[in-house]
Amino acid sequence: MKISGKEMVTFNVAHLTKAPSLRNTFANSRLNNSIVDGLESENISSLDASYVYRSPKLKARLTTYYALIKNATQISFFYAEGIFDDGAGYLNTDAFVSQTLTQLNKKNMGGEFSLEYQLNPTFKTTFSAAFGEYTYDSNPKVTLTNDAEASLENTSPVFDFGTAVLKKYKQAGMPQRAYSLGIEYRDPKYWWISANVNYLTNSYIDISPISRTEIFYKNPASGFNFPEATEERAAVLLKQEKFDPTMLLNLVGGKSWLIYGKNVGVFASINNVLNVSYKTGGYEQARNANFRQINQDVSSGTPSFGPKYFYGYGRTYFVNLYINL
């Protein structure tokens, strides 16, 4: 919707369903053809609104959005210790399992702002900011499929672990706050250079759902809660890790020439100029599958099965030479 020649407002509304993928349909397709119980199509509803301003020198955009994802299914694989008990009729205490989450809801909401200002014919500056809240919006059902029992006849390999208390935990995989400031110079002699400073924050580790179930607190041998499993200690062990903020400096530049009627040019970039070491993501290991094991591992001071992290690249370079015939 146009307000004037320089201003415009846009609205987008969507509701769609997403059929289960093959990966999320079978609990463990490597061993059997058992289908995930209670499998449903994923429902996605979203809404966004934007205000856009454009003039010869200034361009700006302000966007707000809301998205709700319902009935998602997730499957992951890991080796767990102390998860089953022989006395309870299960095959073994340690097992390689596939973990299935169903009825998982996610909520994404936030706002974005971008601005571009032409200071003069050669200098331009840009600024952008993103502010989001990406959280789990339900307590999904958790089932585990035991690989060792999945290959046995007349044996159910699927174990119901109830629900995992994930609601209001942060989603992993992205910074939920991001800011960028840049400046660009374009010379009349066909060369240009730009610099951007990016500040990324509010990134979180991917949590272990099995550690947020009631069974996590139970001794598999007795069926009763571990005596040391207090709410205070659980709050410390299960606090979601928030990664440190990261500031990155990137440089980009280029030059072109007209040689014998052909356009020849070079493009170069240096990312992470300051060679900053930073975490891009990670996940809590689920190998310690009950409260006592994870408590002892953490209390040792040098955990054997602590979180795993992913790191971004250090300083990287890229150069591209081209000829337009």
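- When side chains are defined from C-beta on, Phe127 does not count as touching Tyr117, because their heavy atoms never get closer than 4.5 Å.
- Put simply, the side chain of Gln240 gets close to the backbone of Lys170: a donor and an acceptor are under 3.5 Å apart.
- The cluster map of Ile, Leu, Val, Met, Phe, Trp and Tyr, joined by side-chain heavy atoms under 4.5 Å apart, puts Val52 and Val9 in different clusters.
- Judged purely by atom type and a 3.5 angstrom limit, Arg54 has no side-chain atom pairing as donor or acceptor with the backbone of Lys6.
- Asp297 contributes a side-chain N or O that, together with a main-chain N or O of Ser304, makes up a donor-acceptor pair within less than 3.5 Å.
- Other residues, nucleotides and ligands contribute over 12 non-hydrogen atoms within 6.0 Å of the CG atom of Leu16.
- A salt bridge does not link Lys18 to Glu40: none of the charged side-chain nitrogens sits closer than 4.0 Å to a carboxylate oxygen.
- Closest approach of Gly182 to Thr125, counting heavy atoms only: O-OG1, 3.0 Å.
- For the side-chain hydrogen bond (donor to acceptor under 3.5 Å, both in side chains) with Glu228, the qualifying choice from Arg292, Gln296, Arg233 is Arg292, the only one to do so.
- The environment of CE in Met174 is crowded: more than 12 heavy-atom neighbours from other residues, nucleotides or ligands sit within 6.0 Å.
- Leu68 and Lys107 get closest at one heavy-atom pair: CD1-CB, 4.2 Å.
- Remark: side-chain polar atoms of Gln118 are paired, donor with acceptor, to backbone N or O of Phe123 under 3.5 angstrom.
- Under a hydrophobic clustering in which Ile, Leu, Val, Met, Phe, Trp and Tyr are joined whenever their side-chain heavy atoms come within less than 4.5 Å, directly or via other members, Phe305 and Phe96 fall into different clusters.
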Output side-chain donor-acceptor pairs under 3.5 Å for residues 254-268, partner residues at least two apart or in another chain, one line each.
residue : atom : partner : partner atom : Å
Lys255  : NZ   : Lys189  : O            : 2.9

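- With Asp187 contributing its side chain and Trp191 its backbone, the two residues share no donor-acceptor pair below 3.5 Å.
- A donor and an acceptor atom, one from each side chain of Asn196 and Asn250, are nowhere located under 3.5 Å apart.
- The backbone N or O of Ala286 lies less than 3.5 Å from no partner atom in the side chain of Ser208, so there is not a single donor-acceptor pair.
- In the model, Asn324 has no side-chain atom that pairs as donor or acceptor with a side-chain atom of Tyr322 under 3.5 Å.
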* Asked: Going through the distances and angles, do Phe226 and Asn290 end up as a side chain to side chain contact (heavy atoms under 4.5 Å, CB included)?
  -> CA-CA 9 Å; Phe226 292 107; Asn290 64 52; 3.8 Å; yes
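- Cluster annotation: Val97 and Phe159 are assigned to the same hydrophobic cluster (Ile/Leu/Val/Met/Phe/Trp/Tyr, side-chain heavy-atom contacts under 4.5 Å, transitive).
- Note: the hydrophobic cluster containing Ile215 also contains Val142 (ILVMFWY, side chain heavy atoms under 4.5 Å, direct or indirect links).
- Rounded to the nearest 0.5 Å, atoms CD (Gln176) and OG1 (Thr201) are 10.0 Å apart.
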* Show your working on side chain to side chain contact (heavy atoms under 4.5 Å, CB included) between Leu248 and Asn271 and close with a plain yes or no. => CA-CA 8 Å; Leu248 303 174; Asn271 291 327; over 6 Å; no
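- Sequence neighbours left out, the pairs with a member in residues 195-214 that pass salt bridge (Lys or Arg N to Asp or Glu O under 4.0 Å) are Arg212-Glu284.
- Around OH of Tyr313, the count of heavy atoms belonging to other residues, nucleotides or ligands within 6.0 Å does not exceed 12.
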* To do: Go through the steps to decide whether Lys242 and Asn202 satisfy the test side chain to side chain contact (heavy atoms under 4.5 Å, CB included), and finish with yes or no.
  => CA-CA 7 Å; Lys242 179 180 178 181; Asn202 284 58; 3.7 Å; yes
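- Between the side chains of Ser128 and Ser114, not a single donor N or O lies within less than 3.5 Å of an accepting N or O.
- Nearest approach of Ser203 to Pro175, heavy atoms of both residues: OG-CA, 3.1 Å.
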* Verdict with reasoning, Phe161 to Gln99, per side chain to side chain contact (heavy atoms under 4.5 Å, CB included) -> CA-CA 10 Å; Phe161 271 61; Gln99 174 185 261; over 6 Å; no
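- Considering all non-hydrogen atoms of both residues, Arg177 and Glu133 come closest at NH2-OE2, 2.8 Å.
- A pairwise comparison of heavy atoms in Asn139 and Leu166 identifies OD1-N, 3.0 Å as the closest pair.
- A distance-only check finds a donor-acceptor pair linking the side chain of Asn275 to the backbone of Arg315 [under 3.5 Å].
- The main-chain N or O of Tyr53 is never found under 3.5 Å from a side-chain atom of Glu7 such that the two would form a donor-acceptor pair.
- Taking 4.5 Å as the limit, every side-chain heavy atom of Lys124 sits out of range of all side-chain heavy atoms of Leu119.
- For the side-chain hydrogen bond (donor to acceptor under 3.5 Å, both in side chains) test with Asp48, the passing option among Thr63, Thr10, Asn12 is Asn12; the others fail.
- For Phe216 against Ala289, the heavy-atom pair with the smallest separation is CD1-O, 3.7 Å.
- If you chain together hydrophobic residues whose side chains sit under 4.5 Å apart, Tyr51 and Met1 fall into the same group.
- Under the 3.5 Å distance criterion, with hydrogens and angles disregarded, a donor-acceptor pair is assigned to the side chains of Gln171 and Asn108.
- Counting only heavy atoms from C-beta outward, the side chains of Tyr169 and Tyr204 never approach each other to under 4.5 Å.
- Legend: residues meeting side chain to side chain donor-acceptor pair (under 3.5 Å) with Tyr199, ordered by chain and number and at least two apart, are absent.
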